[in-house]
Number of protein chains: 2
Amino acid sequence: MDLNERKKLILQAIIDEYIGSAEPVGSRAVSKKHELGLSSATIRNEMADLEEMGYLIQPHASAGRIPSDAGYRFYVNSLMKRYKLGLETIEKLQHELAERVGMLDRTIKRAGFLTSVLTDYTTVVSAPVSERTEIKKIDLVPISDNAVMLIIVTRTVKNRLISTRLSFDECQKVAGILNACLREKSADEITMDTIHSIEAAISEKVPIEPKLIINVLHYVYEAVSELDDTEIYVQNAKSILQYPEYQDVNKARDIFTFLEDKQNLKKLIAGSGDDTEGVSAKIGDENDAEILKDCSLVTVNYSLDGKAVGKLGVIGPKRMNYAKVFASLDLISHEIDSLLGCFDDDR
Amino acid sequence: MDLNERKKLILQAIIDEYIGSAEPVGSRAVSKKHELGLSSATIRNEMADLEEMGYLIQPHASAGRIPSDAGYRFYVNSLMKRYKLGLETIEKLQHELAERVGMLDRTIKRAGFLTSVLTDYTTVVSAPVSERTEIKKIDLVPISDNAVMLIIVTRTVKNRLISTRLSFDECQKVAGILNACLREKSADEITMDTIHSIEAAISEKVPIEPKLIINVLHYVYEAVSELDDTEIYVQNAKSILQYPEYQDVNKARDIFTFLEDKQNLKKLIAGSGDDTEGVSAKIGDENDAEILKDCSLVTVNYSLDGKAVGKLGVIGPKRMNYAKVFASLDLISHEIDSLLGCFDDDR
DNA sequence: TATTAGCACTCAACTAAAATGAGTGCTAAC
DNA sequence: GTTAGCACTCATTTTAGTTGAGTGCTAATA
């Protein structure tokens, strides 16, 4: 199972070549383009060995070799060269990412976007989730005679319009009670019981129709239950269409369909590289999703502080430019960490 | 230029057929499938006439006919039969659309989604824009020792995280002044001068570092300037891949690229059916965007009240099922109108 | 013993020619 | 005015043949 130096060099040459061309690599090409000082015949013998060992595959008798999943895995773990991003690329990226960093969702989205531009693959990015989403403030603001805006501030802001008739004063009073009861509570602490006790408190102190209270509280509860929902953004899905492995429209469509379903994405994002520090990859069959069996998914965690964590991932063909993707994800995740660091408590 | 009854029937039959098959329609097929009681030879003569009049095109000498842009236009204006959506479809749709109607953006997004499910084409939907976005409330909420959430409530809610050190009390005071100065102002009324006068007011009344004030106000101004930005959502873009006219991956990619750029979409949405009541279509060459020259765009306006208005559009191949698309857009736009009606003032 | 030149063999991909058939336009008869 | 009949057109499909990249094996070489 252990490869000698020459086999490693040859395997590396073949995979590098295949990543670039998407065509089976022949012995002659290896012996010519890569200066190993070996004839094609020798390479041929070594390739036969590498195939036997499971690192290469021959699509048909008279074709060159392509890497197997195991081949890619070995390449990622031990063979690939470090990719160095250009200084100006890095600076441009830092600059663009730092813009309007206050709009968290947008920053996260842009991180995905920039990754997709940098790598030219599809990216998936999940907004940070806290273990405990603590309510900082609740507010009710009348918008028209018939509508009141409910606003719940946590680390982010949720809002929804409620169709109800409450005056400015009534809103303030109800909001006061809501704040007294819910501030500093986390979403999972708030149950139907909590809501009922608030209902009692309001009807005691504020002279408004019980029906209106129930209506408002219904929405409060609904909004609170949604606090922990993660947003997930997919970007540059169209890039899939440029790779020869997806020239078949139906294959492409299957992937698009997969990527359109947030449920799939949540599973995907959840089940990848959780315990790992830094960038990690799932290659081909290592993916759980059937449809990604001939794709690779490379992910990295970023964090907002110790607790809140999100993920950034790249989806592409198995023969993706791993070196570049690894370098890009590494850079961007660190960039996010340091950018968002300024909002942390300094305990 | 005026068509007799028989020519109309034949043209209608041909377009209906072509919409279904995407294959040039021959005279024999028309005389067989559609019970006109005419032989293929007769149909052939009529088809030759229709071609001369500009309603049909013959891709090559020995092929059937396909509709020209003018043909589709005539079809949409005078020929197509009314499409009736099933009662259960309508009810299901009403039900799904009504869910969580308080989250405006989500409702709009879902309207687009449901349209895309109903029609199986790509949809574009713009969130409603008011002529004047009036500020209802501004708030500052401390999130951590180092971060304050700025919240601006209009008909919707904008928020952003500011990296600054302000205590709860300081936030309240600053927010009080912001509200006093900005409440009931619209975005275009707020200039740099307004901001400077607020700066003066704060430094007079609240004992905090001027640097912090400037920092916060900078973000306030930025957020206010963004108030009138419209969100635009594209959904079910992948549906493009299922139509034979887009089996060519490169064509598909061009459209995806087009749809990914919000600027394009804004122009698209802005320049379509503005003055029209009800559903309107842009067929092929009628579209401004070069890339949509062999697509059709069908749009409808929906309104939140007299002023705030958004658009819902369907993009598909020229041979789209216009009847169904018209019926769907009509239904959904009315549904939105009545759903969002409950938030209106009842002046 | 490791490497390489040489050669027969394989097989996908390309090419050219031939067959097919859907559809037309025209003419003459009804 | 309508239609049957027929010659003609031309994209598409089918077929057979050619090409060429690449392999595996063998025997010669360092």
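Chain naming here is simple, since letters A, B, ... match the order of the sequence lines and numbering starts at 1 in each.
- The separation between Ile43(A) atom CD1 and dT3(C) atom C1' is 11 Å, rounded to whole Å.
- The phosphate of dG24(D) (OP1 or OP2) has a side-chain N or O of Arg65(A) nearer than 4.0 angstrom.
- Between Tyr72(B) and Tyr322(B), the ring planes lie tilted relative to each other; the angle falls in the 30° to 60° range.
- Dashed line: the shortest gap from a side-chain N or O of Ser39(B) to OP1 or OP2 of dT2(D) is not under 4.0 Å.
- Spacing between atom CD of Gln58(B) and atom P of dG23(C) amounts to 11 Å, rounded to whole angstrom units.
- One interatomic measurement links the two molecules: CD of Glu23(B) to P of dG23(C), which rounds to 9 Å at whole-angstrom precision.
- Regarding Asp49(B), its CG atom lies at a distance of 10 Å from the P atom of dG25(C), rounded to whole Å.
- Rounded to whole Å, the distance from CZ on Arg28(A) to P on dG24(D) is 16 Å.
- Of the candidate nucleotides dT4(C), dT3(D), dA12(C), dT4(C) has the atom nearest to the side chain of Ala41(A).
- Salt-bridge formation is detected for the pair Asp49(B)/Lys7(B): a Lys NZ or Arg NE/NH1/NH2 atom is positioned less than 4.0 Å from an Asp or Glu carboxylate oxygen.
- Considering only side-chain N and O atoms, Thr42(B) lies nowhere under 4.0 angstrom from the phosphate OP1 or OP2 of dG1(D).
- In this structure, CG of Leu38(B) is placed 15 Å from C1' of dA4(D), rounded to the nearest angstrom.
- The phosphate of dG22(D) has neither OP1 nor OP2 within less than 4.0 Å of any side-chain N or O from Ser62(A).
- Rounded to whole angstrom, the span from the CD1 atom of Ile66(B) across to the C1' atom of dT24(C) amounts to 16 Å.
- Across dC11(C), dT23(D), dT3(D), the shortest atom-to-atom separation from the side chain of His60(A) is found for dC11(C).
- Around atom NZ of Lys266(B), more than 12 heavy atoms belonging to other residues, nucleotides or ligands sit under 6.0 Å away.
- In this structure, of dT3(C), dT23(D), dC11(C), it is dT3(C) that holds the atom nearest to the side chain of Arg6(A).
- With rounding to the nearest 0.5 angstrom, the OH atom of Tyr243(B) is 8.5 Å from the CE atom of Met320(B).
- Using a 4.0 Å cut-off, no side-chain N or O of Arg44(A) falls inside it from OP1 or OP2 of dC7(C).
- The phosphate of dT3(D) (OP1 or OP2) has no side-chain N or O of Ser40(B) nearer than 4.0 angstrom.
- Rounded to whole Å, atom C1' of dC25(D) lies 16 Å from atom CE of Met47(A).
- In summary, the aromatic rings of Tyr18(B) and Tyr75(B) are positioned with their centroids too far apart to meet the 6.0 Å limit.
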